[in-house]
Structure formats: structure tokens, C-alpha cells
**Student:** 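Questions regarding the structure given below will be posed in turn.
Computed from heavy atoms alone, side chains included, the values below leave out hydrogens, waters and symmetry copies. As the structure lists them, so they are numbered: ligands from 1, and atoms in each ligand from 1.
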Amino acid sequence: MLHLRVATGPDWLERAVSDLGELLLDHAHCEQKAAGNAVALSFRYPTHPFLMRPLAELAEEELGHFREVLGRLEARGLEFRPQRASEYAGRLRRSVRPGEPERLLDTLLVSALIEARSCERFQILAEGCPDRDLAAFYGGLLASEARHHRVFLELARRIATVDAVRERLDELSEIEARVLFEAPASVRIHG
Ligand SMILES: [Fe+2]
Ligand SMILES: [Fe+2]
């Protein structure tokens, strides 16, 4: 159960596989950001020891994914390069409320939704990417992204009641769907 309000439409796969190099570059950025966010969160909340081990494990795993995607880029003779900031992640992060404990709760739930959307799209790539080797690669990443989604939800449940988590997750998944729908069409995992 990924808690996504809307499913990805059929046009996304067509766009995504139209430039696999560009897709892999975006994916590399996603994994790098996921690792960086996990580390940053552990620095921001030294007061919350229960976050440390899950975040350390997450950071390590995302860094491993980053390295794997870099390998895929290199295999295609492509280099990592800068990318314009993602509107999807930027707008979602801006929906995080200031002030604690809302800020931490929202950050965990937004992270859970980003993981869920990655998972959904990796599944689509695993089934429909014409490069079968790459399709298998995405098939192999699916389970970790689904697990990351659950980890962030479990952490959210440590700081809020089941009802409070459900209510805010409902609101944020509504926002996620809108942000995704309004994002400019581009060759991105969250495009
Ligand atoms: Fe990842
Ligand atoms: Fe992840």
C-alpha cells in the first residue's frame, strides 16, 4: 500500500524511455538527494535517537543506489552533470509546515510519498522499459523503495498518533498528486 492518490498515466512511460540517458541522469540525482536528505535529517534531529539507525541505513543504501546508477551512466559513456532543480521535490518540500513537531512529521511523510512515487514508477519501468537489462535493474530496486516508504511511515508513527499520521498523509498525498499533475512534462523519474 503506497498511499498514492493518483496512478501514473500511460504517457509517462513513453516519455521516460524516449531518452534513457536523461532518465538515468535524473535517477542518479534522485538517489544522491535521497542519501543526502537522510544524512541531513540525522544532523537536524540529534535529539531524536530513534531516527539515527534507520536514517544511517537509509543513507547507506541510497548511496549504494547512487553508485549503481553512476555505473549505468558510465556504461553508456555518459557523465554525471548538474540538472535544474526538480519542481516536484521543491514544491513538496515547501508544503512542510514550520515549527516542531509538524516540521519533522511532514518531512517524514513527504519523504514517504517521494519513495512511494519512485517505487510506482520503477514498477512501470520494470514492466515496460524496452531495454530489458535496465528493466531488470528497476525491478531489483522496487523492493527497497517500497521498504523506504514503510520506514518513513513507521518513523512518523513514532512522533504522532495513527489518526494524526493518516490525516496529514491524506492531505500531503493530495498535494503530491497535484504537484505531479502540474509538473512540466520532462524525462524524469518524478516528471
Ligand atoms: Fe534508492
Ligand atoms: Fe529510496
**Student:** How are the rings of F66 and F80 set to each other: parallel, tilted or perpendicular (split at 30° and 60°)?
**Tutor:**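 It falls in the perpendicular class, over 60°.
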**Student:** The Fe ion (ligand 1) as vertex, arms to OE1 of E31 and OE2 of E145: angle to 10°?
**Tutor:**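 Seen from the Fe ion (ligand 1), OE1 and OE2 are separated by roughly 130°.
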**Student:** Please work out whether the ring planes of F50 and H48 are parallel, tilted or perpendicular, with thresholds of 30° and 60°.
**Tutor:** tilted
**Student:** Working to 10°, measure the angle at the Fe ion (ligand 1) formed by atom ND1 of H65 and atom OE1 of E62.
**Tutor:**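 Output for this angle: 90°, rounded to tens.
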**Student:** Which atom, counting only N, O or S, brings H148 closest to the Fe ion (ligand 2)?
**Tutor:** ND1
**Student:** Would you confirm whether E102, through its side chain, and D106, through its main-chain N or O, come within 3.5 Å as a donor-acceptor pair?
**Tutor:** no
**Student:** Does the shortest distance from the Fe ion (ligand 1) to an N/O/S atom of E115 fall below 2.8 Å?
**Tutor:** no
**Student:** Has R15 got a side-chain atom pairing as donor or acceptor with S186's backbone, closer than 3.5 angstrom?
**Tutor:**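 Pair found, side chain donor or acceptor close to backbone of S186.
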